[in-house]
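Dropping the structure in here first, questions after.
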Amino acid sequence: MTKEPEIIGRPPLLRQTNAQILLRLLREAGPCSKADLVRASGLSAPSVTNVVAHLARAGLVEPIGEGDSTGGRPPDILRFRAERGCVAGVEIRSDSLRFLLADLDGREIGKAAVPLQRPSSSPPLVCKGIAEGVRELLSKLSQPEEQLLELVVGVPAIVNVQEGVVMALSALKDWSNVPLGAMLAREFRCNVTIENDTNLAAQGEYYRGAAQGEKNFVFITIGQGVGAGIFVNGSIYRGSQWTAGEIGYLRVPNISREHPTIHNYGKLEKLLGAPGILKSWQANRRGSRKHPKVNCAADVFDLAAAGNAEAKRLLKQRATLLADIVLDLALILNPSVILLGGEVGNHPRLLQEVEVLLQGSEFAIVRVGLGSLGQSAVLSGAICSALDPAVLGLLQPSESTGS
Amino acid sequence: MSKTLTTISPPRGVPQRHLLKQMDARGVLHQLRERDFASLDLLGRHAGLSSSRFSAAVSFLVKTGLVEKTSNGKSNAGRRNNALRINAAFGHVLGVDIGGSNLRVALADMNGRVLGKWSASTKRTSSPAMVIEQMRKGVAYLLEQASVPRRSLLAVAAGAPGITDGDAGVVVTTSYLKGWKDVPLRSLLESALRIPAAVENDVRMAAIGENWRGAARGVGNFVFLAIGTGIAAGVFANGRLIHGTDWTAGEVGYMHVPGVPEEAARHGAPGSLESVIGGEGIRKQWLRSRNGAGVGVTRSLSATEIFEHAQTGDLVAKGVLNRSAKILAYAVYNISLVLNCGLFILGGGVGMSSPLRDATQRFLEKYDEPAQPKLMVSSLGQDAQLVGAIRLALSKADHQSV
């Protein structure tokens, strides 16, 4: 890959940078006057006038009447038109597709979910399912399709984000090197972005959740699989071949000690993930009749909290593995916080055990916490990451005159 | 309404015209440094500026004197290409490497060509004041040897063997030098030499060196892994060093991988990983195995010597090499999984050993998925830190001059 030369400060881009500055002010602070924008942005009054006109032409800003006079002519008050367009987030899970539609402020307009059965999980069918789901949601909310400016899809897989290619997905059949971005681009006229689901969840936590203001943090998700989204200097770090954060393969000490039969290290994921926890539980269950029945991995941890000795042992074992992962991540990256999420990861008892184990660690002292968005982290991240590109797309002269 | 606005910190506005030209000029200079020598056409393309902005930036640079136009570029269909080059004699910079046992200083011109090196032992004189005093002597010696006037010095950069806060210019802590705790190294250097200074952790400094003129030249994602007495990593991600929240990113000597002791070590004691494959750890492995094998009197060997022994067929040494390589492979593999970076440069007294590199690479090749990192021995060797320091000093000097 050749690195694109960084183009700084060309006049159209300058105006766009200024436009973004003013938009951010309008979005964060609500309606205000041009004079307010001049004061808060540090731009000159003519620049602000110029840029506001540009924003108004793109339909992103409108006057909403006069404000209070401070002596002279009452100022025009401007507001950001979040309804100028909408963005859609889609989450592909092993058993369902989930949709979220939001305005340009990122406020939810509507959501939907459809189950995904094994036979219908081939790439063309999933693509069709996404297209239908998004269209249905748009029409249900009476949004014409032109309103849709960005579509961001989260996939539980390694994704080449630049080319929109799903490289390998183990949870669904027949998913290997699938150009999902190009497939969806044939369905929609808007921009389509494909991203790893954990990376989106990390972005969700960064913009809306427990990682706000943290420039260097790691979001670990433990559910069906195990993965990490890594933020370095305020943006997601994907690595040189898009696989940064594939911690499900880490070689940590306790796998082999606790499970001498397991030598294949990809099994860290299989041990720590929800299926592995259930499997261990069921394996032990055969021996004893008093073993309570559980439906999901979190139930096992609930039993541990209630004092079940076998569940406690299992929890301790998993916490030990997780503590080593946390330690390695902390040493390599020195993040300010490591957040846990996913159906297994966000169990408070697991966090508690990990914290106890880390207190014994000699060097890496890292704050560990739970993500705050839970199940909605991926879709939140999808929406948040779509907002800036959506607005930028409206400001590009070629696109606004094109249609 | 305006009240809410004032509560937001104002974003950085767009620079004024002259600031813009300065930004452009710095951008062009940065490109020029990456390539040492470049035709104007090529530079223009890489700088991504319009032709008028590009030529304004170039004349701005030429006016400073730091950059000059030449016509030595390759001829292109009969027409001679104009080229730019850095005026090597514009000034000089100093690179400093503060180590646990040695203090080294290098003097370089503006192209980074080394004009002289000087070194002294820090074994007895390790307090910050003493090290600075020693360094001043070294600088005076180098200037005299190279007949460079003191006023020609533009900047200095120093690498320190410990946690170093680059923003504050402070060496927070180090276990290699006595009495170094919260040492304001940058201001000490600035007041001793009266030129702008920059400081950085020594391993990251070596990574800068390898990225500039060594085995990772121009590679945006790589890890420099220093294995000596201790183990630490300097990580480049997307072309930039990772520092972390508390400047401790890359302190991988404490990592937990299969085969290392997990008992919480005392603070200040070597970490799990380095207690096994740091220089001391390897010697201990060797002595233990030799004594276990009952092979009579055991000579004390360095880690590198032990690994060379393994090459000659010594079974005990082979065992030590294998065990060390296996554990190093785990560590490299784990780091590469987290960062997804394909290149590891091994440096430091132990890391430079090719038998260790080869054996570790063989272990890594057995892991089929998903990471397959490549190991290389540092091409700058002991000089990596100094070269990195010179590069950082050049950045500082460039920034001051443009």
Side-chain angles (χ1 to χ4, degrees), chain A residues 3 5-10 14 17-18 21 24-25 28-33 35-36 39-43 47 67 77 158 216 228 230 232-233 237-247 249-253 255-256 265-266 324 327-329 331-336 360-364, chain B residues 1-2 4-6 8 10-15 20 23-24 27 45-50 53 220-221 233 235 237-240 242-252 254-260 262 264-267 269 271 330 333-335 337-342 367 369-371:
Chain A
K3 204 182 149 209
E6 201 177 334
I7 301 168
I8 39 169
R10 282 206 325 234
L14 269 182
T17 320
N18 289 346
I21 291 170
R24 198 179 313 142
L25 288 171
E28 285 172 13
C32 62
S33 71
D36 291 332
R39 270 192 295 278
S41 67
L43 298 175
S47 294
I77 300 297
I158 296 166
N216 298 287
I230 297 169
V232 173
N233 295 328
Y237 177 69
R238 299 187 178 90
S240 46
Q241 267 106 34
W242 311 101
T243 68
E246 279 297 308
I247 55 174
Y249 292 83
L250 279 178
R251 300 180 177 222
V252 292
I255 300 184
S256 32
Y265 280 95
D324 277 338
L327 181 76
D328 282 3
L329 285 169
L331 290 169
I332 296 167
L333 296 162
N334 180 216
S336 57
S361 109
E362 63 266 38
F363 192 83
Chain B
M1 268 166 267
S2 36
T4 28
L5 267 184
T6 49
I8 315 174
R12 269 173 37 212
V14 166
L20 203 66
M23 252 166 63
D24 290 352
R45 246 174 285 144
H46 278 277
L49 300 173
S50 69
R53 295 254 315 266
N221 294 291
V235 178
N238 296 337
R240 290 177 60 187
I242 290 186
H243 288 97
T245 307
D246 318 300
W247 305 92
T248 65
E251 290 292 338
V252 294
Y254 292 77
M255 257 171 84
H256 280 184
V257 298
V260 306
E262 283 162 70
R266 280 165 293 114
H267 209 86
Y330 285 141
Y333 185 80
N334 280 2
I335 298 171
L337 275 179
V338 170
L339 297 168
N340 178 219
C341 94
Y367 309 166
E369 58 175 347

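This one's a predicted model, so the numbers in the text were calculated from it and none came from an experiment. Reminder, nothing fancy here: chain letters follow the sequence lines and each chain counts from 1.
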Exercise for review: State, yes or no, whether a side-chain contact exists between B:Leu339 and A:Ile230 at a heavy-atom distance under 4.5 Å.
Suggested key: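 Counting from C-beta outward, B:Leu339 and A:Ile230 never come under 4.5 Å.
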
Exercise for review: Please state whether the side chain, the backbone, both or neither of B:Ala233 comes within less than 4.5 Å of a heavy atom of chain A.
Suggested key: neither

Exercise for review: Tell me, for A:Leu333 versus chain B, whether the close heavy atoms (under 4.5 Å) come from the side chain, the backbone, both or neither.
Suggested key: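 For A:Leu333, heavy atoms of backbone and side chain both lie under 4.5 Å from chain B.
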
Practice item. Might you point out which heavy atoms bring B:Cys341 and A:Ser240 nearest each other, and give the distance in Å? Key: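 Smallest heavy-atom distance, with atoms named: CA-OG, 3.9 Å.
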
Review point. Quick one: what part of A:Ile247 sits under 4.5 Å from any heavy atom of chain B, side chain, backbone, both or neither?
Key: side chain

Practice item. Taking B:Asn340 for its side chain and A:Trp242 for its backbone only, find out whether a donor-acceptor pair lies under 3.5 Å. Key: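 It does hold such a pair.
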
Practice item. Kindly compute the distance separating CD1 (B:Ile335) from CG (A:Asp328), expressed to the nearest 0.5 Å. Key: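 Spacing of CD1 (B:Ile335) from CG (A:Asp328) equals 8.5 Å.
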
Exercise for review: For residues B:Met255 and A:Leu327, determine if any side-chain heavy atom of one lies less than 4.5 Å from a side-chain heavy atom of the other.
Suggested key: no

Point to revise | Heavy-atom side-chain proximity of B:His256 to A:Val252 below 4.5 angstrom | key: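 No, their side chains stay 4.5 Å or more apart.
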
Check your understanding: B:Asn221, B:Val235, B:Thr245: which one forms the most heavy-atom pairs within less than 4.5 Å of chain A?
Key ->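 Max contact count across the listed options: B:Thr245.
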
**Study point:** Segment of B:Ile242 engaging chain A (4.5 angstrom heavy-atom cut-off)
**Key:**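 Side chain only.
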
Check your understanding: Rounded to the nearest 0.5 Å, how far does CG of A:Leu250 lie from CG of B:Leu337?
Key ->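 That separation rounds to 5.5 Å.
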
